[in-house]
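This structure is a prediction, so every number in the text was calculated from the model and none was measured. Residues take their numbers from the sequence shown, with the count starting at 1.
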Amino acid sequence: MNDIIQTIAVYAIPVIFAITLHEAAHGYVARMLGDPTAYQAGRVSLNPARHIDPVGTLLVPVVILLMSKLMGSSGMLFGWAKPVPVDFGRLRRPKKDMLWVALAGPAANLLMSILWVFSLRLFLESGMQESFWFEMAMAGVQVNLVLMALNLLPIPPLDGGRILFSLLPNRLAWQYAKIEPYGMVIVIVLLVTNVLWVLMSPILALGTTIVQWFL
């Protein structure tokens, strides 16, 4: 039990910030590109409390961590925050700007991974490799890279799906968008069949290479 509590404590802050600041980044870029909807709703904020979904941000990640610990596996960290409201029709160039709004979330996760790596460097130089804070920094790198890779998969409504929609010719884009109602079902099926890790591996490898530049 103590082991499980320690695991939750190590992952709590990285998970909350990884999920919630991902959403805030969407709102921030949307405002820059002409849509103030998220800003007017108070969602362009670094305060995690404004973005936390009790189920997606807290309950689901904790349950997954507990199950992974009990089963002796690394598991797949999965969670979500309250979606930031974005009115794509209010963007200056709706279809083209959708790409930048969608990309902002994974980019925020990559940036947070790099910041956690800087923390790792400080702990390494201070000889604190065995400390609680070192473990938290390691978790921060891992959590953000996984969420970045997951969200970059080209499955709507994930960010990668929005990015692909933005890049496709109009006719193909609208045909592609028709799978969005089934997107999360597809993700869950890929998750339980362990295919999700295979699809994420190239993105994870790229993200790992980038953050290692700063270690």
Worksheet item: Does Leu204 share a hydrophobic cluster with Leu206, counting links as ILVMFWY side-chain heavy atoms below 4.5 Å and allowing steps through other members?
Response: yes
Worksheet item: How long is the span from the CG atom in Asn151 to the CD1 atom in Ile19, to the nearest 0.5 Å?
Response: 9.5 Å
Fill in: Inter-residue atom distance Leu191.CG - Leu199.CG, 0.5 Å rounding
11.5 Å
Worksheet item: Is there side-chain contact between Val146 and Met200, with at least one heavy-atom pair below 4.5 Å?
Response: yes
Worksheet item: Quick check: are there more than 12 heavy atoms from other residues, nucleotides or ligands sitting under 6.0 Å from NZ of Lys95?
Response: yes
Worksheet item: How would you list, by chain and number, every residue that makes a ring pair (Phe, Tyr, Trp, His ring centres under 6.0 Å) with Phe214, sequence neighbours excluded?
Response: Phe118
Discussion item. Tell me which one of Leu110, Leu145, Val117 satisfies side-chain contact (heavy atoms from CB on, under 4.5 Å) with Ile210.
Written reply: Leu110
Practice prompt. Output every pair passing ring pair (Phe, Tyr, Trp, His ring centres under 6.0 Å) with a member in residues 140-176, not counting sequence neighbours, ordered by first then second residue.
Written response: Phe165-Trp174
Worksheet item: Is atom OH of Tyr28 surrounded by more than 12 heavy atoms (other residues, nucleotides or ligands) closer than 6.0 Å?
Response: no
Worksheet item: Do you reckon Val141 sits in the same ILVMFWY cluster as Leu215, going by side-chain contacts under 4.5 Å, direct or chained?
Response: yes
Worksheet item: Going by heavy atoms in the side chains, are Pro154 and Ile163 under 4.5 Å from each other?
Response: no
Worksheet item: Looking only at heavy atoms, which two atoms of Leu21 and Ser45 are closest? And how far apart?
Response: CD2-O, 4.3 Å
Worksheet item: So do Ile203 and Leu153 actually touch side chain to side chain, heavy atoms under 4.5 Å?
Response: yes
Fill in: Closest approach of Asn144 to Ser113 (non-hydrogen atoms, all atoms of both residues)
CB-OG, 3.0 Å
Worksheet item: Who passes side-chain contact (heavy atoms from CB on, under 4.5 Å) against Arg31, sequence neighbours left out?
Response: Tyr39
Worksheet item: At what distance, to the nearest 0.5 angstrom, does CD of Glu23 lie from CD1 of Ile52?
Response: 12.5 Å
Worksheet item: Are Phe88 and Leu167 linked, directly or through other ILVMFWY residues, by side chains that come within less than 4.5 angstrom of each other?
Response: yes
Item to complete: List the atom of Ile155, the atom of Ile186, and the distance in Å for their closest heavy-atom pair.
Response: CD1-CG2, 4.2 Å
Discussion item. The criterion is side chain to side chain donor-acceptor pair (under 3.5 Å); which residues satisfy it with Asp53, sequence neighbours excluded?
Written reply: none
Worksheet entry | Any residue meeting side-chain contact (heavy atoms from CB on, under 4.5 Å) with Met136, in chain and number order, not counting sequence neighbours | Ile13, Pro14, Trp116, Phe132, Trp133
Worksheet item: Where do Ala38 and Val84 come nearest, in terms of heavy atoms and distance?
Response: CB-CG1, 3.3 Å
Worksheet item: Checking side-chain contact (heavy atoms from CB on, under 4.5 Å) for the pair Trp213/Ile114: CA distance, chi angles, key distance, verdict?
Response: CA-CA 9 Å; Trp213 295 343; Ile114 292 170; over 6 Å; no
Discussion item. Under the rule for side-chain contact (heavy atoms from CB on, under 4.5 Å), what residues qualify as partners of Ala41, not counting sequence neighbours?
Written reply: Arg43, Pro85
Fill in: Partner residues of Arg121 under the side chain to side chain donor-acceptor pair (under 3.5 Å) criterion, sequence neighbours left out
none
Item to complete: Return the minimal non-hydrogen interatomic distance between Ala24 and His51, and the atom names on each side.
Response: CB-NE2, 3.6 Å
Item to complete: Output all residues satisfying ring pair (Phe, Tyr, Trp, His ring centres under 6.0 Å) with His26, sequence neighbours left out; order by chain, then residue number.
Response: His22
Practice prompt. Please list all pairs passing the salt bridge (charged side-chain N to carboxylate O under 4.0 Å, His left out) test where one or both residues lie in residues 196-214, with sequence neighbours left out.
Written response: none
Worksheet item: Out of curiosity, Leu152 CG to Leu147 CG, how far, rounded to the nearest 0.5 Å?
Response: 11.0 Å
Fill in: side chain to side chain donor-acceptor pair (under 3.5 Å) involving Gln40 - partner list, sequence neighbours excluded
none
Worksheet item: side chain to side chain donor-acceptor pair (under 3.5 Å) with Thr37: which residues, sequence neighbours excluded?
Response: Asp35, Arg90
Worksheet entry | Leu99 CG to Leu164 CG distance, which is reported to the nearest 0.5 Å | 10.0 Å
Response to the item:
Here the salt bridge (charged side-chain N to carboxylate O under 4.0 Å, His left out) pairs for residues 156-165, sequence neighbours left out, are Arg162-Glu180
Discussion item. Return the NZ to CG distance between Lys96 and Leu33, rounded to the nearest 0.5 Å.
Written reply: 13.0 Å
Worksheet item: Of all heavy-atom pairs between Ala137 and Leu120, which one has the smallest distance, and what is that distance?
Response: CB-CD2, 3.6 Å
